[in-house]
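Below is one structure, written out as structure tokens; comments come after it.
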Amino acid sequence: MSGHAVPVDFSGHMLDLDEDEDLEVFSKNTSLADGGPMPNSPSSLVNQYRLEEEEEQPGADAKDFFITVDNPESHVTAIETFIMYRVVTKTTRSEFDSSEYEVRRRYQDFLWLRGRLEESHPTLIVHPLPEKFVMKGMVERFNDGFIETRRKALHRFLNKISEHPVLSYSQHFKVFLTAQELTSHRKQGPGFLSRMGETVRAVANSVRGLRSRPEEFSVMQEYVDHFSTKICSVDKVTQRIIKEQREYLDELRQYGPTYTQWAELEEDLAEPLKGVADCVERCSQETEEQIQQLSEVLVPALHEYVLCAETLKAVMRRRDNIQAEFEAKNEALASRKADQDALQEEVDGLAERVEVANTTLKEDWSRWQKAMRTDLRSALISTTEKNVDYYEKCLAVWESFLLSLRVEPSGQENGDGAS
Amino acid sequence: RMAEDGKEDNFLMKPCLCGIKMVEEGCTLLRRMEICVAEAEKRSGKNAVNMQETFTVYLIETRPMDALNEGRNPAPDSLWRRYSEFELLRNYLIVTYPYIVVPPLPEKRAEFVWHKLSADNMDPDFVERRRVGLENFLLRVASHPVLSNDKILYHFLTEEHGWKEVVYETGFQAKVLQIFTSAKEVIRFMEMKHYSDELQSHTSQLLRARARVADRLYGVYKVHGNYGRVFSEWSAIEKEMGDGLQSAGHHMDAYAASIDDILEEEEHYADQLKEYLFYAEALRAVCRKHELTQFELEMASQDLISKKQQREELATGIVRTFSFKGMTNKLFGQEAPEQREARLKLLEELIAEGEDTVKEKTVECEEHVERAWVDMQRFKEQKDKDLREALINYAVMQISMCKKGIQVWGNAKECFLKM
């Protein structure tokens with residue numbers, strides 16, 4: 001039983017990679033140093049993550065991938081209807097034969113890619129995909145809003161992978177971006193059955209329980225649990241705000257016309273009445289824009305991290321399972337007298353696997369945290385900017401109304417300004 | 001903000017209570033006396049059916065204007081009145097001056113309530129707004145060129161005890177309605193009635209829509225309070241982002257809290273509109289009386305005509321109209337000449353009376369129509385000025401709200417920038 005989930009063809013490619021100098025340097029993340037001493041083992045597993053040669057690290061900002069997901073098109077077959085998205089890749093990486101690729105992919109293809117990435121790197125944090133099923137409340141699976149939201153999320157997914165120091169070098173990623181026909185590649189590899197096996201083992205191990213989780217991972221687990229709750233709350237609150245704003249907007253749209261209708265009855269009073277009606281109308285438009293910003297910027301960002309939280313939980317579970325498997329075999333080694341040598345080798349292999357898993361997770365963890373802070377900070381700042389902009393525009397609307405009546409904006413009888 | 005217009009006609013001149021003959025410019029009560037409704041208090045007592053009840057009384061304070069103009073600061077005279085006494089005063093004025101658009105009282109019960117605002121008559125905010133409304137009513141009445149000279153009004157302001165009895169003694173409840181005539185005035189009154197109907201309809205629609213908007217806006221602001229709570233909880237698990245999230249959360253709390261004052265201020269705007277909603281009713285009352293009294297004049301004229309016809313029949317013996325008397329005369333024989341003489345004489349007296357009455361009423365009508373028209377013009381000017389100011393104040397309130405929003409969201413942005 002080989003405990004590792006490295007697919008056969010991958011290690012085949014490893015030989016190719018070894019020959020290519022450029023590829024040795026993968027990590028822009030200097031936190032490798034935090035990971036502690038790497039075990040010097042001939043195992044091909046470790047070589048994936050180890051710096052063979054000290055190459056200059058590329059600048060942190062240097063992007064060598066430019067990927068877009070666009071142009072959703074409906075495909076109708078006898079059995080089903082689905083959407084195909086166009087994926088355009090521009091890259092400077094030398095292991096790509098060309099510098100530009102264009103392929104068409106459907107959601108299932110993305111699912112496949114992510115599945116393989118997680119399989120190959122069980123303790124790396126692989127960015128989540130948008131949800132598989134329609135959200136409740138949406139009737140049509142293929143309405144434009146849903147497709148657009150999904151498209152943006154798929155775009156983000158690919159870009160996140162392309163920025164990852166390890167995942168961006170995955171063969172599966174390359175195949176996904178370049179192969180005209182993906183179905184043949186999808187059939188290769190352990191795939192479904194191996195995943196099944198892993199799940200069974202995971203359940204079995206979890207029954208036995210973890211001996212002792214290293215302190216840092218307990219801390220991490222706690223964080224993940226809390227973060228998950230909090231980010232879900234923020235997401236919920238934001239959805240609620242949008243709902244309230246929409247209802248406010250509806251009432252506002254009925255409010256303005258009451259001034260217009262009254263103005264038709266009046267003579268001298270008609271001008272200010274119409275002025276107020278106009279202001280309310282323009283503020284309504286601003287409100288609509290504000291709602292749009294929330295829906296298109298903040299909500300997707302929050303939602304992404306809600307999904308990330310679930311990913312993090314899964315990664316923690318997988319790490320625990322790897323450790324549990326090792327502990328189980330280790331115990332067996334201690335108790336069994338026969339087959340000591342064979343078992344010992346297996347146990348050593350599993351021990352390495354635990355090391356690797358822990359190290360990669362730690363590195364990726366700090367990377368993920370930074371990205372999370374950047375992403376959420378940016379989304380929150382953008383929201384506050386939009387809100388300031390909203391109020392500034394409404395302010396201008398009302399001030400110009402007062403000016404049109406030849407009144408000082410501070411008001412005539414107001415305590416603020418000159419009387 | 002009282003519109004005191006000096007365009008008085010001669011017939012409005014009446015001696016003031018202080019014995020000074022009123023000049024053409026108008027010497028309204030408000031010029032001679034400072035009036036305010038200073039306080040409100042809860043009282044309880046037994047009512048007409050000997051049951052315990054709780055009600056609110058309002059303190060009316062008056063000071064002589066000449067003392068204030070000389071720089072002295074005498075203590076005010078004061079007395080307590082409850083809402084029902086204000087109502088009695090107003091009913092008296094309506095009946096006594098049916099051609100005047102009598103200023104309305106503030107709401108008896110809270111209406112146009114958006115759900116966060118209490119509908120309770122004992123609610124301190126409602127009582128306070130009512131106090132302001134009652135003071136407003138007194139100031140309007142005391143500055144009206146016609147109403148301000150009324151004795152009963154003066155008593156109301158100065159004599160705490162026995163006022164009610166004095167009012168009832170005027171016998172205003174039994175007063176005969178004035179009669180209008182003339183086709184030109186009929187058209188004027190139709191326009192006035194149409195205007196009052198429309199005014200009532202538009203202001204009530206506007207007030208309803210505003211209350212709904214206020215309700216929704218309240219919801220939007222309050223939901224942001226949840227951000228405060230969640231950000232605070234989230235900050236506890238974050239290191240770098242903790243401070244930023246925490247302080248941003250405080251700003252969200254401030255934002256959520258700010259809506260209470262904003263909407264409380266808007267209630268004053270709503271009250272200004274409500275006053276004119278109720279004024280519309282007062283306008284309509286003047287028109288309705290016109291219709292009724294028009295009918296009464298017709299009746300009086302008809303009566304005169306029929307009496308004249310009877311006289312002609314008696315005098316000539318020719319029966320033109322059917323009457324029981326005529327029938328019985330035919331059946332049972334005619335009456336004696338003395339009786340006929342007596343009846344003729346009585347009829348002549350009645351006819352003379354009737355002609356005088358019709359003449360009197362016609363003159364009064366025309367006078368009253370003129371007076372009502374004058375007051376209508378005065379009302380129109382007052383309305384245009386007051387409502388224009390109210391709309392300006394509304395804009396000023398909106399500007400203030402926008403400025404607060406800019407500040408809060410700008411602060412939140414700063415917090416996120418520092419994260």
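A quick note: this is a predicted structure, and the numbers were derived from the prediction, not measured. Naming convention: chains lettered A, B, ... in sequence-line order (proteins, then strands); numbering from 1 in each chain. Quick note: numbers below take in every heavy atom, side chains included, and nothing from hydrogens, waters or symmetry partners.
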Considering the options Val388(A), Asp389(A), Thr383(A), which one meets the side-chain contact (heavy atoms from CB on, under 4.5 Å) requirement together with Lys386(A)?
-> Asp389(A)
So what's closer than 4.5 Å to chain B heavy atoms on Cys279(A): side chain, backbone, both or neither?
-> neither
Under 30°, 30 to 60°, or over 60°: which ring-plane class applies to Tyr223(A) and Trp365(A), parallel, tilted or perpendicular?
-> perpendicular
Okay, Phe231(B) and chain A: the region with an atom under 4.5 Å from a heavy atom over there is side chain
Test: Glu363(A) and Arg367(A) ion pair at under 4.0 Å = no
Is Arg253(A) salt-bridged to Glu288(A), cutoff N-O under 4.0 Å?
-> yes
Where does Glu222(A) contact chain B at under 4.5 Å (heavy atoms): side chain, backbone, both or neither?
-> neither
Ranked by heavy-atom pairs below 4.5 Å to chain B, first place among Gln254(A), Gln369(A), Lys393(A), Arg240(A) goes to Arg240(A)
Give the member of Thr238(A), Leu252(A), Ile242(A) that has the highest number of heavy-atom pairs under 4.5 Å with chain B.
-> Thr238(A)
Quiz item: cation-pi between Arg210(B) and Tyr255(A), 6.0 Å / 45° = no
What part of Leu249(A) is in contact with chain B, defined as an atom under 4.5 angstrom from a non-hydrogen atom: side chain, backbone, both or neither?
-> neither
What pair of heavy atoms forms the shortest contact from Phe278(B) to Pro106(B), and how long is it?
-> CE1-C, 4.4 Å
With chain B, the option among Leu376(A), Leu380(A), Leu405(A), Asp268(A) that has the most non-hydrogen atom pairs under 4.5 Å is Leu380(A)
Examine whether an atom of Val276(A) lies under 4.5 Å from a heavy atom of chain B, and if so say whether it belongs to the side chain, the backbone or both; otherwise answer neither.
-> side chain
Turns out that what part of Phe227(A) lies under 4.5 Å from chain B's heavy atoms comes down to both
By a 4.5 Å heavy-atom criterion (distance strictly below it), what part of Thr229(A) contacts chain B: side chain, backbone, both, or neither?
-> neither
What residue in Asn226(B), Leu391(B), Leu245(B) has the most heavy-atom pairs under 4.5 Å with chain A?
-> Leu391(B)
Distance (rounded to the nearest 0.5 Å) between Phe379(B) CZ and Asp386(B) CG = 9.5 Å
Answer yes or no: is there an ion pair linking Asp384(B) with Lys380(B), defined by an N-O contact shorter than 4.0 Å?
-> yes
Salt bridge flag under 4.0 Å for residues Arg229(B) and Glu233(B) | yes
Interchain contact, Glu266(A) with chain B, by part (heavy-atom threshold 4.5 Å) | side chain
Identify which part of Ile231(A) has an atom lying under 4.5 Å from any heavy atom of chain B, answering side chain, backbone, both or neither.
-> side chain
